[in-house]
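One structure is given below, encoded as structure tokens.
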There are 2 protein chains.
Amino acid sequence: MKPVNLKKLAEELNLSVATVSRALNDRYDISQLTKDRVRELATRLHYEPNPYASSLRRQKSKTIGVVIPEIANHFFSLAINGIEEVARDNNYHVLIYLTHEDYQRELSSMRLLAGGRVDGVLLSVASSSQDFAHLDMLRERGIPMVFFDRVYEDMATARVTTDDYDSSYRATRHLLEEGCRTIAYLTISHHLSIGKRRLQGYIDALRDSGLAYDESLVLPGQLDKTHDIAIIKELLESRPAIDGIFASVESLAMSSYEACRLLGRTIPQDIKILGFSNLEIASLLSPPLTTITQPAYAIGKEAAKILFQAVIKNKPISSNQSLEIKSELIVRGSTRLQA
Amino acid sequence: MKPVNLKKLAEELNLSVATVSRALNDRYDISQLTKDRVRELATRLHYEPNPYASSLRRQKSKTIGVVIPEIANHFFSLAINGIEEVARDNNYHVLIYLTHEDYQRELSSMRLLAGGRVDGVLLSVASSSQDFAHLDMLRERGIPMVFFDRVYEDMATARVTTDDYDSSYRATRHLLEEGCRTIAYLTISHHLSIGKRRLQGYIDALRDSGLAYDESLVLPGQLDKTHDIAIIKELLESRPAIDGIFASVESLAMSSYEACRLLGRTIPQDIKILGFSNLEIASLLSPPLTTITQPAYAIGKEAAKILFQAVIKNKPISSNQSLEIKSELIVRGSTRLQA
DNA sequence: TTGTACGCGTTATCAC
DNA sequence: GTGATAACGCGTACAA
């Protein structure tokens, strides 16, 4: 019940606490015999060093913090998979904070993290975040941070993203090539750089095909699924010419499917749908969903690797360590008849 | 860059460290004036207490550990959502450890947690875990633990589960009522109690319908999707009489869809499929998947609540705080023609 | 109402 | 090779 500590081991072995500590840390100046004796007793008594005492002393928490908008989302859970993998390889622990796309929660998470609980932070910003002063807290404390997927442009640190603009451009081109002429664009945030880039890819693809950008075709989704379905339905009814939907996030693609079903629109005959998504089972949907699939696991892993370079070697992170990993457009039945 | 600590605040205000500490902790014996002065400076300098020093002193980490098999899975990510919610309400932090269904990783995670890094643990055991001696480490250290979903029967602590036996029984009945006579059962582990209960529900439902239990219809899935599809395909080919598949975990239902597609079997005409699953988009699959949907979010939330009762009030957890939350059988197109 | 002094468990420094 | 001791930053008993 009462934890074994160095003092206990030392008493038991008639050694000093210092010696026991050094033996366990495998220091060169301790005799092999002593090391063996100490280790034997330590394992026998299930000794585990107190991580907080150790952190206090070493000024290292052996912990990183991951702040993400949500977790019930394939992109983020795959990213965490990658992050946890790298953390474990480095003998680090992972704290998770969910913002639910809420700026206030992101802020309070940052405040907590800035308190020295972690040696580094991985962040994917909330869609409602407009102000980024809260990120300065980390900088002031010298805690390195790496963005992944959703970044804040003005911050001088590394980011691991995907080719949002290009894939959005390609996706829009694909819809155009499949015959769409009036493409609705569903988004979640205009503030996020990721939102801007994806939107720009859409706009440029339209323009390059000689089509005008019609702002009224851009629909800002919310967080509530029921509400999303309702407004998509409304848009489709008020604009019957719409023959394509480009969902910039997974949940909006799903809501579009529901909306079409409610309206009796057939995919892809009446309307084609395409979306950013990491759903493994996109191919099992009815019809199979054409997706832009992001390398979520790799993004998490690479972001973590960059962070650990800074954490372990105590080097600051530079923006030019940033990485862009390409997404893949996978054409399926929702945009093409015989896919 | 250098963190502000109590000493700094104290010097700045010409107060003792103790007074500053008490002011920040809002102790009754400090004058309002002093409290105000201290707080003002603290916020101005962005003071954040060092969590490790505090933990060391208070013998409380304000952190819980969550150990789960995987995260890229709707059940677990929803559960974490619930857990994080409760943790945040209690001003606690959440450490995540993924076992990838591997006993060794579960063991090492437990060892880390037993070191005093957390005040409590939520665990959903890995399918490969047969030995549970590693859980004693927590008990020895007096760290409370609550199981959720996947439990180890012999451990005297609370568990939050769903009605695995009943829902499995009902699901099997449903398949039988829809005309199935040869139902394959796909499982991941025979060791897990959850696996046993679900299997038993299946067996009993068969028996109550006068059908014999045929062990060769029980297929143990692996972790690798490609492999799963292959063995399901093999089973279906070697046993052409199979007209129903009951997948005891989500991934196996998906693999079954793939296998059927590869074999050209039509769902639900040739074969009916049903599975435990928390996929929100089960209804958008082709055909929509009949599911037993577990209350994942609620399970996570309730498990965390029980844990916090112990953590906050320092009371041991008793087995009879255990909770069973019912799952729901949602009939869709994969088991019935006009659903 | 505030200050002094100690200890939480570990590690680093210095002495022997 | 090993031991004594201080220090990490905070919280609390006791003193004033």
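Numbers restart at 1 for each chain; the letters A, B, ... are given by sequence-line order, proteins then strands. Predicted model, so just to flag it, every value in this text is computed and none were measured.
One N or O donor and one acceptor, one from the side chain of A:Arg57 and one from the base of C:dT11, sit under 3.5 Å apart.
If you measure from atom CG of A:Asn50 to atom P of C:dT11, you get 10 Å, rounded to the nearest angstrom. The NZ-P distance, from B:Lys7 to D:dG11, rounds to 16 Å in whole Å. For B:Leu6 and C:dA5, the CG to P distance is 18 Å, given to the nearest whole Å. In this structure, the CG atom of A:Leu56 is 9 Å from the C1' atom of C:dC8, given to the nearest Å. Distance NZ (A:Lys62) to P (C:dT10): 16 Å, rounded to an integer number of Å. Rounded to an integer number of Å, the gap from B:Gln59 CD to D:dC10 C1' is 12 Å.
Within the 4.0 angstrom heavy-atom criterion, no nucleotide atom of any strand lies near A:Ser55.
We find that B:Glu106 and B:Arg111 are not joined by a salt bridge, their nearest charged nitrogen and carboxylate oxygen being 4.0 Å or further apart.
Side-chain atoms of A:Ile194 and A:Asp149, non-hydrogen and from C-beta on, do get closer than 4.5 Å to each other. Using a 4.5 Å heavy-atom threshold, the side chains of B:Asp119 and B:Thr63 count as separate.
Under the 3.5 Å distance criterion, with hydrogens and angles disregarded, a donor-acceptor pair is assigned to the side chains of B:Ser127 and B:Glu101. For the residue pair B:Ser55/B:Arg117, the side-chain donor-acceptor check at 3.5 Å is not satisfied. Using modelled atom types and a 3.5 Å distance limit, the side chains of A:Glu85 and A:Asn81 yield no donor-acceptor pair.
Dense packing is recorded around NZ of B:Lys62, with more than 12 heavy atoms of other residues, nucleotides or ligands lying under 6.0 Å away.
For B:Lys35 and A:Glu48, each mapped to the nucleotide of DNA chain C holding its nearest heavy atom, the one lying further toward the 5' end belongs to B:Lys35.
Residues from residues 9-33 of chain A placing a heavy atom under 4.0 Å of any atom in DNA chain D, listed by number, are A:Asn14, A:Leu15, A:Ser16, A:Ala18, A:Thr19, A:Arg22, A:Asp29, A:Ile30, A:Ser31.
Applying the 4.0 Å criterion to OP1 and OP2 of C:dT11, one finds that A:Ser54 has a side-chain N or O inside that range. Contact annotation: A:Tyr47 reaches the phosphate of C:dT10 (side-chain N/O to OP1 or OP2, under 4.0 Å).
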